[in-house]
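Have a look at the structure below, then the notes.
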Number of protein chains: 2
Amino acid sequence: MARVVSLKNSPAAREARGREELVEVAVELFARNGFAGTSIRDIADAVGRSVSNVYHYFENKEALWLAILERSVKALPGRLRGAIDGVSEPRTRIAALVREHLDVSEQYRRESRIFFIDEERLSASGNKANKRIQREILTIYVAELEGLRAVGLLADGDIRITAFNMLGVINWYLRWSKPSAGQAKREQTVDQVLAFILRGTGSEK
Amino acid sequence: MARVVSLKNSPAAREARGREELVEVAVELFARNGFAGTSIRDIADAVGRSVSNVYHYFENKEALWLAILERSVKALPGRLRGAIDGVSEPRTRIAALVREHLDVSEQYRRESRIFFIDEERLSASGNKANKRIQREILTIYVAELEGLRAVGLLADGDIRITAFNMLGVINWYLRWSKPSAGQAKREQTVDQVLAFILRGTGSEK
DNA sequence: CCAATTATAGAACGATCGTTCTAGACAGCT
DNA sequence: AGCTGTCTAGAACGATCGTTCTATAATTGG
């Protein structure tokens with residue numbers, strides 16, 4: 001047998017792998033059964049390790065939760081800003097923003113579910129981090145809508161409410177879209193969601 | 001002291017009152033902490049009665065849950081149909097449908113939250129009842145959108161997706177609208193949500 | 001007013017929860 | 001090879017879970 005020396009087998013790398021595997025199955029279980037409905041034993045069994053092993057990597061259940069938040073939701077504002085960076089036409093910016101948001105939601109489908117479901121159920125620290133991110137996202141949307149209004153392309157009304165409505169459509173997308181859909185079908189669906197946000201149900205008048 | 005003889009003090013009435021009070025606080029706790037996050041003891045303590053008293057009125061925790069479903073969500077399809085009954089103009093029908101839906105959601109705010117949060121977490125029977133109602137609601141929306149399309153007032157695309165988008169806006173309304181808002185403010189908000197559904201973000205063009 | 005039913009409380013059950021403790025297996029380094 | 005720190009398992013802890021049991025108080029119907 002050949003002696004295989006892994007390039008990445010430093011203590012730090014092993015630690016990272018041990019954590020990653022736990023986070024991976026925790027996401028799955030939290031998304032399916034919620035925070036209170038998922039036990040440390042469930043998670044340990046799912047990775048085929050012991051309960052105390054989980055505690056070796058994470059201080060407690062909530063730290064595991066926060067690790068999930070860390071690797072997914074926290075990146076959302078940055079990705080949204082990146083998607084509109086450099087685009088100047090307001091309508092194009094809105095479209096790029098929505099498309100990127102739908103894309104990220106799709107990518108972190110389970111994570112997104114978790115944070116919508118157990119939004120207000122965590123300790124002060126977790127809750128605060130979650131709330132802060134949501135406020136950040138809202139700010140991005142409000143700014144874009146103000147840009148749209150500046151060029152007379154936004155209907156009258158409270159901009160925040162319009163932002164909430166957009167977010168409603170986008171976040172609800174996670175509930176009904178099929179993860180199994182093919183690429184072509186998915187693009188078509190995203191197009192229609194975007195069309196709804198821009199023009200609602202109406203064709204012309 | 002005057003001897004007060006209640007008009008409604010039959011065993012059946014007492015039973016109903018005993019149940020009602022439990023359902024009332026269960027709604028509050030389930031909405032705040034979720035199904036798994038709420039214990040029978042929490043509920044018993046909140047009504048100031050004993051744990052076994054809860055079991056006197058409800059077979060188990062899930063039966064209590066189903067009682068909540070019974071008194072709120074189950075009535076939704078009927079109320080939606082009632083709101084559009086007799087209205088002929090398709091646009092007016094859609095508006096009436098959305099307004100009624102927002103109204104009912106507001107009225108059963110906590111109940112709605114519960115069933116969005118713990119949607120897929122219950123036993124077969126509870127889950128099935130919940131799913132059936134949601135399918136019924138979707139059917140109502142699809143039918144209305146078909147009516148709109150028949151007169152050329154609906155943009156192209158899959159009608160079901162448009163229905164989902166509408167439901168996203170409506171259901172998300174629960175997340176951000178303030179229950180404390182006054183009547184005038186609320187009507188104004190509802191107007192804007194409806195306007196978004198009909199025309200999206202765009203003014204004209 | 002008394003028997004029968006209903007409402008309630010309190011203790012207890014086994015299961016499971018999050019968490020901790022103890023101790024052995026394994027790795028990396030000298 | 002032997003030491004040092006990381007990784008892992010298993011048992012155990014007290015708390016709490018949903019649920020049941022037993023018994024007492026309250027209420028109703030005759």
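A note on names: the letters A, B, ... follow the listed sequences, proteins ahead of strands, and every chain is numbered from 1. Just so it is clear, the model here is predicted, and its values are computed rather than measured.
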Please report the distance, rounded to the nearest Å, between [atom1] in [X] and [atom2] in [N].
X: A:Asp45; N: D:dA9; atom1: CG; atom2: C1'; result: 13 Å
X: B:Arg19; N: C:dT8; atom1: CZ; atom2: C1'; result: 17 Å
X: A:Arg17; N: D:dT8; atom1: CZ; atom2: C1'; result: 15 Å
X: A:Leu22; N: D:dC7; atom1: CG; atom2: P; result: 12 Å
X: A:His56; N: C:dA23; atom1: NE2; atom2: P; result: 19 Å
X: A:Arg49; N: D:dT8; atom1: CZ; atom2: P; result: 5 Å

Quick one: what's the B/S/- string for nucleotides 14-26 of chain D, heavy-atom cutoff under 4.0 Å, read 5' to 3'? ---BBBBB-----

Using a strict 4.0 Å threshold on nitrogen-to-oxygen distance, state whether [X] and [Y] make a salt bridge.
X: B:Glu136; Y: B:Lys131; result: no
X: A:Arg71; Y: A:Glu24; result: yes
X: B:Glu146; Y: B:Arg149; result: no
X: B:Asp42; Y: B:Arg32; result: no
X: A:Arg91; Y: A:Glu144; result: no

To the nearest 0.5 angstrom, please state how far the CD1 atom of A:Ile161 sits from the OG atom of B:Ser177.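 Nearest 0.5 Å value for the CD1-OG distance: 9.5 Å.
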
Check whether any side-chain N or O of A:Tyr57 sits under 4.0 Å from OP1 or OP2 of D:dT6, and answer yes or no. no

